[in-house]
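Hydrogens, waters and symmetry mates are skipped; everything else that's a heavy atom, side chains included, is used. Lettering of chains follows the sequences in order, A, B, ..., and the numbering in each one begins at 1.
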Amino acid sequence: MPELPEVETVRIGLGSLLPGKIVRAVTFDWPKGFPNSKHDVSVFLIGAAVKDVRRRAKVLIIDLDNDYSLIIHLKMTGQLVFRSNDDLKRFGAGHPNDSLIGTLPDKSTRVTLDFGDSKLFFNDQRKFGWMRLVPTIEIPEIDFFKKVGPEPLAHDFTDQDFIKRLQRRPKSNIKAVLLDQTVIAGIGNIYADESLFAAKIHPLTLVKDVPMAKLKKLFQELQAVLRLSIEKGGSSDRNYVDAKGQKGSYLTFAKVFRRDGQPCLVCGTIIEKSRVVGRGTHTCPTCQPKPKGTK
DNA sequence: CACTTGACCTGTCCGC
DNA sequence: TGCGGACAGGTCAAGT
């Protein structure tokens with residue numbers, strides 16, 4: 001589930017909660033998702049203090065004061081939920097506010113970091129997510145970080161940079177290219193659909209067939225939807241929650257995503273759902289006419 | 001090489 | 001109510 005805005009929301013939350021906390025204990029039994037040995041965890045994680053929480057693409061990086069870092073990918077259903085011991089006592093068996101989270105840990109909890117006065121739960125229903133403890137200095141050498149594209153909201157990332165990178169894949173359809181993390185970092189299914197709708201581009205259009213003006217428009221709209229979503233705490237469909245276990249409200253503002261069967265907010269045509277690159281894809285057939293030669 | 005498809009998991013929802 | 005099948009927001013390996 002989590003794309004750039006959701007991971008960024010978690011980063012902001014953890015960034016205000018974790019720095020200074022010392023890891024006192026770690027509970028885990030998930031060799032595939034968290035392959036570090038008990039020995040390494042006890043030597044390089046227990047006793048270390050959290051220094052900083054960063055994000056690159058959809059990956060969270062928790063830097064420790066011993067030159068090690070935890071890198072975490074939430075994939076589709078991962079959650080990182082922080083609870084003080086007081087909250088655990090108070091809300092352990094209940095649902096604070098409109099949270100999707102009940103008693104913690106629950107059956108999807110894969111890893112628990114215990115800070116003494118509080119805990120951080122890594123939940124992941126589908127177990128696609130992962131977490132690794134690595135020397136901080138080795139992070140840039142990890143394959144994913146070597147290959148991942150630029151941050152779409154970086155201040156020095158321009159529309160010309162964006163267009164140049166998209167045009168490296170002229171014969172792919174534009175949605176596939178937006179979703180390719182090596183082209184641009186952090187875009188997933190929700191923000192691909194939303195930005196393509198805003199720029200009035202059909203997702204199946206080949207990159208080479210999109211006029212320059214529309215590529216520029218796409219860049220502006222992509223930045224706008226990402227920024228709005230971060231402001232709204234991300235999108236919560238079923239699983240996503242922030243560091244405090246709360247849902248985000250962006251989907252209230254989504255114009256096509258999960259709005260199939262409802263009228264387009266621009267022209268009133270019924271929004272359609274189809275499959276593009278194997279993913280559920282939402283379009284307005286009037287605002288985003290299909291490219292010639294597709295059915 | 002460029003590009004597309006399936007596999008990884010579990011849970012939920014929908015139709016019969 | 002039960003059951004099979006499709007589907008879910010990501011990424012990689014394997015396929016064409």
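Between A:L113 and A:L70, the closest heavy-atom pair is CD1-CD1, 3.8 Å.
For the residue pair A:T136 / A:D67, no side-chain donor-acceptor distance below 3.5 Å is found, with atom types taken as modelled. The closest side-chain donor-acceptor pair between A:T281 and A:S274, if any, does not fall under 3.5 angstrom.
In this structure, A:R258 atom CZ and B:dT12 atom P are separated by 14 Å, rounded to whole Å. Rounded to whole Å, atom P of B:dC8 lies 16 Å from atom CG of A:D124. Rounded to whole angstrom, the span from the CH2 atom of A:W30 across to the C1' atom of B:dT10 amounts to 12 Å. When the P atom of B:dC3 is taken as reference, atom CG of A:L206 falls 10 Å away, rounded to whole Å. Following rounding to the nearest Å, A:L179 (CG) and B:dT5 (C1') show an atom-to-atom distance of 14 Å. Rounding to whole angstrom units, NZ of residue A:K127 and P of C:dT11 are separated by 20 Å. Remark: C1' of C:dA13 and CD of A:Q181 are 17 Å apart, rounded to the nearest angstrom. Rounding to whole angstrom units, NZ of residue A:K32 and C1' of C:dA13 are separated by 12 Å.
Put simply, the side chain of A:R279 and the base of C:dG10 share a donor and an acceptor less than 3.5 Å apart.
Rounded to the nearest Å, the gap between the P atom of C:dA14 and that of B:dC9 is 15 Å. Remark: the separation of the P atoms in B:dG11 and C:dT1 is 22 Å, to the nearest Å.
Evaluated for a ring-ring contact (aromatic ring centres under 6.0 Å, His included) with A:F122, the options A:W130, A:W30, A:F34 yield exactly one hit, A:W30.
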*Using Watson-Crick and G-U wobble pairs whose two distances are both under 3.5 Å, how do you write the pairing of DNA chain C as dot-bracket, with | for links to another strand?*
.|||||||.|||||||
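For A:Q125, no side-chain nitrogen or oxygen approaches OP1 or OP2 of B:dG11 to under 4.0 Å. Look at A:H73 and you'll find a side-chain N or O under 4.0 angstrom from OP1 or OP2 of C:dT11. Side-chain N/O atoms of A:K75 include none lying less than 4.0 angstrom from OP1 or OP2 on C:dT11. The phosphate of B:dT10 (OP1 or OP2) has no side-chain N or O of A:R110 nearer than 4.0 angstrom.
Counting any heavy atom pair closer than 4.0 Å across all strands shown, A:Y191 reaches no nucleic acid atom. A:K147 comes within 4.0 angstrom of no nucleic acid atom, judged by non-hydrogen atoms across all strands. Backbone-only contact: A:G188 has heavy atoms under 4.0 Å from sugar-phosphate atoms and none from a base.
In this structure, A:H73 and A:F144 have perpendicular ring planes: the angle between them is above 60°, well past the 30° mark. Ring pair A:Y191/A:Y250 is tilted by interplanar angle, where 30° to 60° counts as tilted.
Here A:F128 packs flat against the base of B:dC8; its ring centre is closer than 5.5 angstrom to the base's six-membered ring, tilted by less than 30 degrees.
Residue whose closest nucleotide on DNA chain C sits further toward the 5' end, between A:V59 and A:G280: A:G280.
A salt bridge is defined here as a Lys NZ or Arg NE, NH1 or NH2 lying under 4.0 Å from an Asp or Glu carboxylate O, and A:D124 with A:K75 fails to meet this definition.
The stretch residues 166-177 of chain A touches DNA chain B through A:R169, A:K171, A:S172, each having a heavy atom under 4.0 angstrom from the strand.
Geometrically, A:K38 engages A:F28 in a cation-pi contact defined by less than 6.0 Å to the ring centre and at most 45° from the axis.
Residues A:T283 and A:P203 form a side-chain contact, since some pair of their non-hydrogen atoms from C-beta on lies under 4.5 Å apart.
Applying the 6.0 Å contact sphere to NZ of A:K255 captures no more than 12 heavy atoms from other residues, nucleotides or ligands.
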